[in-house]
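Because the structure is predicted, anything quoted here is derived from the model rather than measured.
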Amino acid sequence: MITSLDDAYDALRGTGWLGFTPRPFLFLPLLRTRILSVLVSGQRMDPGWASRFGVECLSAEELTRMRDEAGGRSDLEHLLPRAGDLLSRRWRGHRLALASYGQWWPEWRAALAGSGLHVQPPPAGPLPDVLTDKTCMRPWLRSLHVRTPADTVTARLDHVSLRRRFGSPYVVQQPRGTGGHGTHLVRDERDLGRIPPGGPWLVSRCADGVPVNHHGLVGSDGTVCVLPASVQFTDLRDTGVPFGTYAGCDFGAVGMLPAAGRDGARGAVERIGHGLAHVGYRGTFGVDLLVTGDDVLVLEVNCRMQSSTWLLGELELAAGLLPTQLRHVLEQHGHGTAGEYLPEAAGAVQLMLRHSGPPARVNGVPRSGRYAISGPGDFVRRGEGYGLLECGADEIVLLHLPRPATVLASGAALARLISRRPLTTPDGRALTARGRQAVSAATSLFALEPVAP
């Protein structure tokens, strides 16, 4: 049983690893532990990361010089046709175990088949529909005796009947989607008309509450650990992030919620964890909830790493603990893990800044690293920094930056701001004065030129 970083190094010694992720910083705990040999990513690494962490990075953004609003599968699809050729130049004949942020897509397995690179994915098969399709997930969640918003599944979106049933606004979701993509807030017929064709759709009442993402982990022996939660930012217009799209999180803000609400959330996560163990899932998972006072509603379950798992890993590494991200990789490859874990977390904030205008080319970009706010809308760089571990109490770490000459689609990620102090109100719905200063200062460091769509 692996209980420490030393145990993990012993278990992984002699094994090469290929990381597969939409964004490199999402694997920062794995990069810090230096287990990865090569990283395949939709978006590029910040300058200096590859040499600092001893990893080769292959990214779609390096090839296309474009960054879109999704930053996930669509980016990686641009890389797919050349991935086998590019990887075979150095890695032909090598066998690398797979560390994947989410699912290892069949098309990637096929693309690398002729490259001479042998990728060993986790032995588990594809996830059942109740864990990947929102229209199947909600009934499964209710079977575990957790509360969900009122909803229906429909193949036809009729505004009059849906408004009569759920009120206004209501939420329409595609069956599959991550990070808020495919989630739409509908107030009127115009909003409905902006939704791409498809279906069936999950339509839900728009419930109130503080958005919370809760980590959990199912061990190889079926045991369930309930890990820390964070308040999610999903509708911060001042950062260019529309409704439902992930904008960051604050681990410490969960402590401001009523104790009964926190306990209810933990109980729901534990029940869901046992449900996941029953259907054979192993590894980390995240539960999206709404907490209103003592009331808890479960929205969905994500059977993968979360956009906040890396930030939790920074806190775990600082405490000398085995990071959840590494535990996930080990458990999925059959190495049982145990030991201490953080029951609660604080002092860890990330805020996503998006480009909200029309498509634009980046002509000027700051260096990633540690910054201090020196005045209204002004940042001063203090030195190198890769994440929370280097971030001082009064500092902001900038990362996930595009390189000069990259074309940004409307809604594409411009930067991610890391802080030990809050940047939003406790409910995650509005920037604080410090948050506004940080966003203004970071935005002022970029020079953008509009381009034709």
Donor-acceptor under 3.5 Å ([X] side chain, [Y] main chain):
X: D7; Y: T3; answer: yes
X: T432; Y: T425; answer: no
X: S51; Y: G48; answer: yes
X: T234; Y: Y246; answer: no
X: D221; Y: T223; answer: yes
X: R381; Y: S368; answer: yes
X: E314; Y: L389; answer: yes
X: D294; Y: P258; answer: no

Would you say [atom1] of [X] has more than 12 non-hydrogen atoms from neighbouring residues, nucleotides or ligands within 6.0 angstrom?
X: M256; atom1: CE; value: no
X: H278; atom1: NE2; value: no
X: D10; atom1: CG; value: yes

Under a 4.5 Å cut-off applied to non-hydrogen side-chain atoms, are [X] and [Y] in contact?
X: D191; Y: H184; result: no
X: S419; Y: L351; result: no
X: I35; Y: L326; result: yes
X: R109; Y: P121; result: yes
X: L445; Y: Y371; result: yes
X: W49; Y: V55; result: no
X: L317; Y: L5; result: yes
X: L18; Y: S37; result: no

Report the relative orientation of the aromatic rings in [X] and [Y]; use parallel for angles under 30°, tilted for 30 to 60°, perpendicular for over 60°.
X: W108; Y: F20; result: perpendicular
X: Y281; Y: H328; result: tilted
X: H333; Y: W17; result: perpendicular

Mind listing the closest non-hydrogen atom pair of [X] and [Y] along with its distance?
X: G219; Y: R282; answer: O-CD, 2.8 Å
X: Q350; Y: S307; answer: NE2-O, 3.0 Å
X: L399; Y: G387; answer: CD2-CA, 4.3 Å
X: G336; Y: M1; answer: C-SD, 3.2 Å
X: R44; Y: P402; answer: NH1-C, 4.1 Å
X: V291; Y: V212; answer: CG2-CG2, 4.1 Å

Should the pair [X]-[Y] be classified as a salt bridge under the 4.0 Å nitrogen-to-oxygen rule?
X: R382; Y: D394; answer: yes
X: R32; Y: E316; answer: no
X: D263; Y: R266; answer: no

Mind checking the [atom1]-[atom2] spacing from [X] to [Y]? Nearest 0.5 Å is all I need.
X: H400; Y: L414; atom1: NE2; atom2: CG; answer: 10.0 Å
X: L408; Y: F446; atom1: CG; atom2: CZ; answer: 8.5 Å
X: T284; Y: E331; atom1: OG1; atom2: CD; answer: 10.0 Å
X: C225; Y: L342; atom1: SG; atom2: CG; answer: 12.0 Å
X: Q173; Y: K134; atom1: CD; atom2: NZ; answer: 5.5 Å
X: I396; Y: R370; atom1: CD1; atom2: CZ; answer: 12.5 Å

Any donor-acceptor N or O pair under 3.5 Å, side chains [X], [Y]:
X: Q306; Y: H215; answer: no
X: R142; Y: T148; answer: yes
X: S4; Y: D6; answer: no

- Task: Begin with the C-alpha distance, continue with both residues' side-chain angles, and end with the deciding distance and a verdict on side-chain contact (heavy atoms from CB on, under 4.5 Å) for F379 and S444.
- Result: CA-CA 9 Å; F379 258 163; S444 71; over 6 Å; no

- Query: Run the side-chain contact (heavy atoms from CB on, under 4.5 Å) check on V203 and L157 step by step: do they pass?
  - Reply: CA-CA 9 Å; V203 183; L157 296 174; 4.0 Å; yes

- Query: Can a cation-pi geometry be assigned to R52 and Y386, taking NZ or CZ under 6.0 Å from the six-membered ring centre and within 45° of the ring axis?
  - Reply: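 That pair qualifies as a cation-pi contact.
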
- Message: Can you pull out every salt bridge (Lys or Arg N to Asp or Glu O under 4.0 Å) where at least one residue sits in residues 420-443? Sequence neighbours excluded, please.
- Response: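 Of all non-adjacent pairs touching residues 420-443, none passes salt bridge (Lys or Arg N to Asp or Glu O under 4.0 Å).
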
- Please walk me through it: do F53 and L30 pass side-chain contact (heavy atoms from CB on, under 4.5 Å)? CA-CA 9 Å; F53 299 117; L30 296 183; over 6 Å; no

- Query: Should L276 and C303 be marked as a side-chain contact (heavy atoms from CB on, under 4.5 Å) after you check the CA-CA gap, both sets of side-chain angles, and the distance that decides it?
  - Reply: CA-CA 9 Å; L276 293 174; C303 291; 3.7 Å; yes

Could you pull out all donor-acceptor pairs under 3.5 Å where a side-chain atom in residues 163-171 meets a protein atom, sequence neighbours excluded?
from: R165; atom 1: NH1; to: T152; atom 2: OG1; distance (Å): 3.3
from: S168; atom 1: OG; to: R187; atom 2: O; distance (Å): 3.3
from: Y170; atom 1: OH; to: H159; atom 2: ND1; distance (Å): 2.9

- Message: side-chain hydrogen bond (donor to acceptor under 3.5 Å, both in side chains) for R138 and S204? Distances and angles first, verdict last.
- Response: CA-CA 10 Å; R138 286 281 179 84; S204 307; 3.0 Å; yes

